[in-house]
Amino acid sequence: MYKEAEYDIVVIGGGHAGCEAALASARMGFETCLFTMNLDTIAQMSCNPAIGGLAKGHLVREIDALGGEMARVTDRAGIQFKVLNRSKGPAVWSLRAQADRLLYRLAMKEVLESETRLTIRQASVEDIIVEAGEVRGVVTSLGVCYGARAVVVTTGTFLKGLIHIGLDSFPAGRAGEFPSSGLSDSLRRLGFKLGRLKTGTPPRIDSRSIDLSRTTEQRGDDPPPPFSYSTEVITNPQLPCYITYTDERTHRVILDNLDRSPLYSGRIKGVGPRYCPSIEDKVVRFPDRPRHQVFLEPEGLQTKEYYANGISTSLPYDVQVKLVRTIPGLEDAEIMRPGYAIEYDFVYPTQLRHSLETKLVSGLFLAGQINGTSGYEEAASQGLMAGINAALKLRGSPPLVLGRHEAYIGVLIDDLVTKGTTEPYRMFTSRAEYRLLLRHDNADLRLREKGFRVGLVTEEDYEAFLDRKKTLESELRRLAVTRVGASEVNPLLEALNTSPVAESPSLEQLLKRPGVTYRLVRALAPPPSKVDGEMEKLIETEIKYRGYITRQMETVERLKRLEERSIPGDFRFDQISGLSREVLGKLQEIRPATVGEASRIPGVTPAAVALIMIALEKGKRKGGSDTGKDRSGSRGHGLQMQGRPE
């Protein structure tokens, strides 16, 4: 076998997970090689041309806070920015951006090609070399070997990908690209359990054939709010999106052709996304719904393609034409690309540690859709963490593992590793029990320090963060001690239909009142230095929700005892009397590293957790250790950043 080169870290796949993984490991000082099957589709947005959205926007902000790239590239390519859920509480506000598909891909490729320790190669990796349980490198379809001390697999939908359009199907990683077949077989030979998932995409429409007068225009925020803390202003022209709806005619076309649907004829075996179903699924599962929303989204500044968000389908082409032309505004629509469904292999994520390193093979990390997730943001989050932890492993340092109270990324990975998934996993704010702590406006306060410590946040960005943090802290102190006279305040409160005050309140007390905004308080007593718009909202949220935030932090502290109680790697769950067979089976399969992780495994009851705690105490009294063997990558809540034991 011909050996071409030796690298510290090899990343397989040039999608959103692979880009973040490769950049992280290279920026942390390791010679990295990124393998992609097509250099021209690096960072391709395979589905909708958008980044962020509900909960997903939180992930992008967290990627940026840790020193990842997705937010900065989105700001360079964004053509509409909007904060969603403004009518609700700040815990669920989320930023979303439409992106120019081509600009995004080219911008990310430029960043990758500018990284000095990163090599990019076009090749299909078909095999992973493992010796004595440790990864040693990869082999391409041409039989060329590349050595590596760590490998990150980020294959997206390419593992034995199979596209369906009607009753026709053909192997592909996505439309127009070859699948990866050998790598699935390699993973199976190594002992991994693989499953099958399905996702899909809608048709793309020629905008010249759309009657926009029959749709409702949706514009973004003005000025557009950037994703990255490093971006000062968005410079791209901003474009509107448009809303229309399916109707009874659309639904009739679909129902009359279900026998030609691969989804309902039994040709598709993989499990599809529950929260982003195809239009066929929507019509069948919700027969009482008279219509379903369709968003018409521009694909970019220099193209006529529009993405028909909401009508993902795998029906035959002729049926797609009929159903599209029943939708108001699309009566004369021309389909430029048909929708399709794609099935692909994934690895059950309970076979991973919290560092995203596999339990079976040391030095082998998995990230993105191969772990059962859906979405660019979920993939990029995992890629970033896998790249960081691959680099930390080579440094001989403990992994960076984010707790559920620290980041949505922590919730995402903990859900995958402890609960697993049998359907494409999508992030929602409802998955996070500490939503008020994990707002999109405070991602840098939660994670910037960690990104700086591992070496991904630049000195310049870190200094800017420290200045922002100092401004916040000093302004919160000023609001707490500065008082204003009742005679000055009460006319304003009366205008807000709020009860008057008898004494001189502090600005903080005043801001806690319903209807009182920071801008009103600022007008009464201006701060000594400028406070920007985003900081204003952050200050207001911190004060108005302080009681709730404090209670959530108290809950976190109470639960830390479980999170910090480690379970030895050789712990014998089968020697605990009273565990049911179901619970015992799950504990032995997942091998939780802490009592907290064990408590979140589905089916593990509070009674079972109590039995585990008792057994650990007995072992400790007998001279046993709470410290597990070979638990790297399974620890929780970021204490490793200070080198503290768990």
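With hydrogens and angles disregarded, no donor-acceptor distance shorter than 3.5 Å links the side chain of Y425 to the backbone of L416. In terms of modelled atom types and a separation under 3.5 Å, the side chain of E69 and the main chain of M108 share no donor-acceptor contact. When atom types are taken as modelled, the side chain of R72 and the backbone of S228 share no donor-acceptor pair closer than 3.5 angstrom. The backbone N or O of V361 sits less than 3.5 Å from a side-chain atom of T358, completing a donor-acceptor pair. The main-chain N or O of I268 is never found under 3.5 Å from a side-chain atom of E343 such that the two would form a donor-acceptor pair. Looking only at distances, no side-chain donor or acceptor of D64 sits under 3.5 Å from a matching main-chain atom of A71. Panel note: side chain R61, backbone H440; a donor-acceptor pair is recorded below 3.5 Å. Although no hydrogens or angles enter the test, the distance criterion places a donor-acceptor pair under 3.5 Å between the side chain of S94 and the main chain of A55. Under the 3.5 Å distance criterion, the side-chain polar atoms of S186 are left unmatched by any main-chain donor or acceptor of G182. In this structure a side-chain-to-backbone donor-acceptor pair under 3.5 Å is present from R431 to R426.
Interatomic distance, CZ of R27 versus OG1 of T458, reported as 9.5 Å (0.5 Å rounding). To the nearest 0.5 Å, atom CG of residue L366 and atom CD1 of residue I12 are 9.5 Å apart. If you take OH on Y7 and CG on L34, they are separated by 11.0 Å, rounding to the nearest 0.5 Å. Atom OG of S278 is separated from atom CG of L263 by 5.0 Å, given to the nearest 0.5 angstrom. Atom OG1 in T157 sits 8.5 Å away from atom CD in E177 (nearest 0.5 Å). To the nearest 0.5 Å, atom CG of residue N309 and atom OG1 of residue T201 are 9.0 Å apart.
Residue pairs meeting the salt bridge (charged side-chain N to carboxylate O under 4.0 Å, His left out) criterion with at least one member in residues 139-163, sequence neighbours excluded, are D8-R149, K160-D185. For residues 171-195, there are no ring-ring contact (aromatic ring centres under 6.0 Å, His included) pairs, not counting sequence neighbours. Residue pairs meeting the ring-ring contact (aromatic ring centres under 6.0 Å, His included) criterion with at least one partner in residues 15-38, sequence neighbours excluded, are H16-Y104, H16-Y376, F35-Y146.
Salt-bridge annotation for E115 and R117: absent, with no side-chain N of the basic residue lying under 4.0 Å from a carboxylate O of the acidic one. Ion pair E299/R337 not flagged as a salt bridge, since none of the NZ, NE, NH1 or NH2 atoms sits closer than 4.0 Å to an Asp/Glu carboxylate oxygen.
Minimum heavy-atom separation, G310 to I279: O-CD1, 4.0 Å. Closest of all the heavy-atom pairs between T373 and G368 is OG1-O, 3.1 Å. In terms of heavy atoms, G300 sits closest to I79 at CA-CD1, 4.1 Å. Considering all non-hydrogen atoms of both residues, A150 and L394 come closest at CB-CD2, 4.3 Å. Between N236 and A77 the shortest heavy-atom distance is ND2-C, 3.4 Å. When every heavy atom of I409 is checked against every heavy atom of L66, the shortest pair comes out as CD1-CD1, 4.0 Å.
E305 and Y307 share no side-chain donor-acceptor pair at under 3.5 Å. Using a 3.5 Å distance cut-off with no hydrogens or angles, the side chains of S25 and T32 do pair a donor with an acceptor. T231 and D75 share a donor-acceptor pair across their side chains, judged by distance under 3.5 Å alone.
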Can you list the steps and then say if L142 with Y2 is a side chain to side chain contact (heavy atoms under 4.5 Å, CB included)? CA-CA 10 Å; L142 298 178; Y2 173 67; over 6 Å; no
Show the numbers, then the answer: is there a side chain to side chain contact (heavy atoms under 4.5 Å, CB included) between V10 and V135? CA-CA 10 Å; V10 159; V135 76; over 6 Å; no
Go through the steps for Q320 and I165 under the test side chain to side chain contact (heavy atoms under 4.5 Å, CB included), then give the verdict. CA-CA 10 Å; Q320 292 189 35; I165 302 177; 4.1 Å; yes
Given side chain to side chain contact (heavy atoms under 4.5 Å, CB included), test T154 with V11 step by step and report yes or no. CA-CA 7 Å; T154 68; V11 178; 4.2 Å; yes
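Between T422 and V271 the shortest side-chain heavy-atom distance does not fall below 4.5 Å. P399 places none of its side-chain heavy atoms less than 4.5 Å from the side chain of K393. Side-chain contact between D461 and R448 is present, with heavy atoms from C-beta onward closer than 4.5 Å. S362 places a side-chain heavy atom less than 4.5 Å from the side chain of E357. Between I42 and I120, the closest side-chain pair of non-hydrogen atoms falls below 4.5 Å. Side chains of D40 and K109 form a contact here, defined as non-hydrogen atoms less than 4.5 Å apart. The side-chain heavy atoms of L360 and L190, taken from C-beta on, include no pair separated by under 4.5 Å. Residues Q80 and C241 are in side-chain contact: their nearest non-hydrogen atoms beyond the backbone lie under 4.5 Å apart.
Under the rule for a side chain to side chain contact (heavy atoms under 4.5 Å, CB included), the partners of Y462 that lie at least two apart in sequence or sit in another chain are E449, F452, V457, F465, L466. Shown here are the ring pair (Phe, Tyr, Trp, His ring centres under 6.0 Å) partners of Y408, two or more places apart in sequence or in another chain: H58. D414 meets the salt bridge (Lys or Arg N to Asp or Glu O under 4.0 Å) test with R404, R600; sequence neighbours excluded. Take D206 and apply the salt bridge (Lys or Arg N to Asp or Glu O under 4.0 Å) test, not counting sequence neighbours, and it matches R208. For R96, the salt bridge (Lys or Arg N to Asp or Glu O under 4.0 Å) partners at least two apart in sequence or on another chain are E297. Legend: residues meeting salt bridge (Lys or Arg N to Asp or Glu O under 4.0 Å) with D345, ordered by chain and number and at least two apart, are R188, R196. Remark: F227 pairs with no residue by the ring pair (Phe, Tyr, Trp, His ring centres under 6.0 Å) rule, at least two apart or across chains. Remark: F428 pairs with Y275 by the ring pair (Phe, Tyr, Trp, His ring centres under 6.0 Å) rule, at least two apart or across chains.
Screening E378, Q382, Q351 against N371 for a side-chain hydrogen bond (donor to acceptor under 3.5 Å, both in side chains) leaves a single residue, Q382. The only option from V417, I413, L412, V411 that meets the side chain to side chain contact (heavy atoms under 4.5 Å, CB included) definition with D415 turns out to be V411.
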Show the atom names and distances, to 0.1 Å, of all donor-acceptor pairs under 3.5 Å that link a side chain in residues 44-51 to residues at least two apart or in another chain.
from : atom 1 : to   : atom 2 : distance (Å)
S46  : OG     : R174 : NH1    : 2.8

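For NZ of K304, the number of neighbouring non-hydrogen atoms (other residues, nucleotides, ligands) closer than 6.0 Å is 12 at most.
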